[in-house]
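Have a look at the structure below, then the notes.
By convention in this document, chain letters (A, B, ...) are assigned in the order of the sequence lines, proteins followed by strands, and residues within each chain are numbered from 1.
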There are 2 protein chains.
Amino acid sequence: MRRNRNEGNAVGGHPLTAQRRLLLDLLRDAGGHVDARELYRRAVSRDGSVSLATVYRSLSLFKRLGLVDERRLNRVCCCYEIRQSPEHQHLVCRGCGRVIEFRSPLIGELIESVRREHGFILDRAELCLEGYCPECNSEGHAP
Amino acid sequence: MRRNRNEGNAVGGHPLTAQRRLLLDLLRDAGGHVDARELYRRAVSRDGSVSLATVYRSLSLFKRLGLVDERRLNRVCCCYEIRQSPEHQHLVCRGCGRVIEFRSPLIGELIESVRREHGFILDRAELCLEGYCPECNSEGHAP
DNA sequence: TTAAGTGCAAAGGCTTTGCAGCATA
DNA sequence: TATGCTGCAAAGCCTTTGCACTTAA
């Protein structure tokens, strides 16, 4: 893919090239939990000439601009997701591998209590809960 | 280091070799937050012939046996720590990099609420809070 | 012309694995 | 002897980086 003309909107002062637009679209469609490799695969299937380096560089830019969040949902690699309005956390099922998003007011309370007790100003809270979902529990997949 | 005679206690049915004993000692002394590379450096300084492969293999064994916990405190590598009685979580300062352990009853409440609302049985909760500690805040290191 | 984005390939860093040798039972 | 641990080296992955080319202002 040769770089196309700036496609209208810029992102944080950086031109929205065709590659960046494609990657942002894919991230939006994915609705979260895509790793760089998978994003690259999807990008290539739409445009065979996108490079993996551009995927990483774009993700790095999106992170800096606060457009996407980087999460560690497994041991090996990072997952990326479009930043959404409500703060949310993840539940990972060790049995079937699926990831569920959830929200809880307790997270906010926790952050506030840490600020009160330790004087920390927090700008990022990442909570990863692992266990077994109801289905895997009932089917005896849990150990 | 040639393998020494089993030094008394076995760990989970596996012999406590000199290497494993050394690594467990170092993990205990470290009191948490050591990555594999650092553990390897410390091990080598006490015994020049320990290999990095043994460090990883031992850590993997310790994890399986539940002796150590693996944490992701930064983007790059894992940290390991001896499993301690009280559940605790980590506060990471983005300014000076120091890591503070803390406990909160809210974590337990959170796990219970997830069980109630989603039916998940959780066996691992990893919370990583990032921000700026009081010192870095007052010195203006925070952005 | 200048600054910045891209693709390609190579390199970097962390982790795992294959293999042969040796120790323990 | 048989099993399992170790060191060494190589390979595997994920991610970053150097370079030359191209594009847009």
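- In this structure, the CG atom of A/Leu59 is 13 Å from the C1' atom of D/dC14, given to the nearest Å.
- B/His14 NE2 to B/Leu65 CG: the interatomic distance, rounded to the nearest 0.5 Å, is 6.0 Å.
- Nearest nucleotide to the A/Ser51 side chain, out of C/dT17, C/dT15, C/dC8: C/dC8.
- Note: CG (A/Asp47) to P (C/dT6) measures 12 Å, nearest angstrom.
- Summarising the geometry, the separation between CD on A/Glu38 and C1' on D/dC13 is reported as 16 Å, rounded to the nearest angstrom.
- To the nearest 0.5 angstrom, B/Ser113 atom OG is 7.0 Å from A/Phe102 atom CZ.
- The distance between atom NE2 of A/His14 and atom P of D/dA25, rounded to the nearest whole Å, is 15 Å.
- Rounded to an integer number of Å, the gap from CG of B/Leu24 to P of D/dC5 is 14 Å.
- With distances taken from any side-chain atom of A/Tyr56 to the nucleotides D/dC14, C/dT16, C/dC19, the minimum falls on D/dC14.
- Closest contact between the side chain of A/Arg37 and the listed nucleotides C/dG7, D/dG7, D/dC14 involves D/dC14.
- When the P atom of C/dT15 is taken as reference, atom CG of B/Leu39 falls 11 Å away, rounded to whole Å.
- For A/Glu70 and D/dC14, the CD to P distance is 14 Å, given to the nearest whole Å.
- When rounded to the nearest whole Å, the span between CG of B/Leu52 and C1' of C/dG12 equals 15 Å.
- A/Leu129 places a side-chain heavy atom less than 4.5 Å from the side chain of A/Leu127.
- Listed nucleotides: D/dT6, C/dG5, C/dT6. Nearest to the side chain of B/Thr54: D/dT6.
- One finds no salt bridge joining B/Asp35 and B/Arg42 here, because no Lys/Arg side-chain nitrogen approaches an Asp/Glu carboxylate oxygen to under 4.0 Å.
- Salt bridge A/Asp47/A/Arg21: absent, no basic N to carboxylate O contact under 4.0 Å.
- Proximity note for B/Ala53 (side chain, C-beta onward) versus C/dT6, D/dC8, D/dT15: the nearest is D/dC8.
- Taking only distance into account, the side chain of B/Arg57 meets the base of D/dG7 through a donor-acceptor pair shorter than 3.5 Å.
- For B/Pro15, whose side chain is taken as the heavy atoms from C-beta onward, the closest listed nucleotide among C/dT6, C/dT15, D/dC5 is D/dC5.
- Under 4.0 angstrom from either OP1 or OP2 of D/dT6 there lies at least one side-chain N or O belonging to B/Thr17.
- Contact annotation: A/Arg20 reaches the phosphate of C/dG5 (side-chain N/O to OP1 or OP2, under 4.0 Å).
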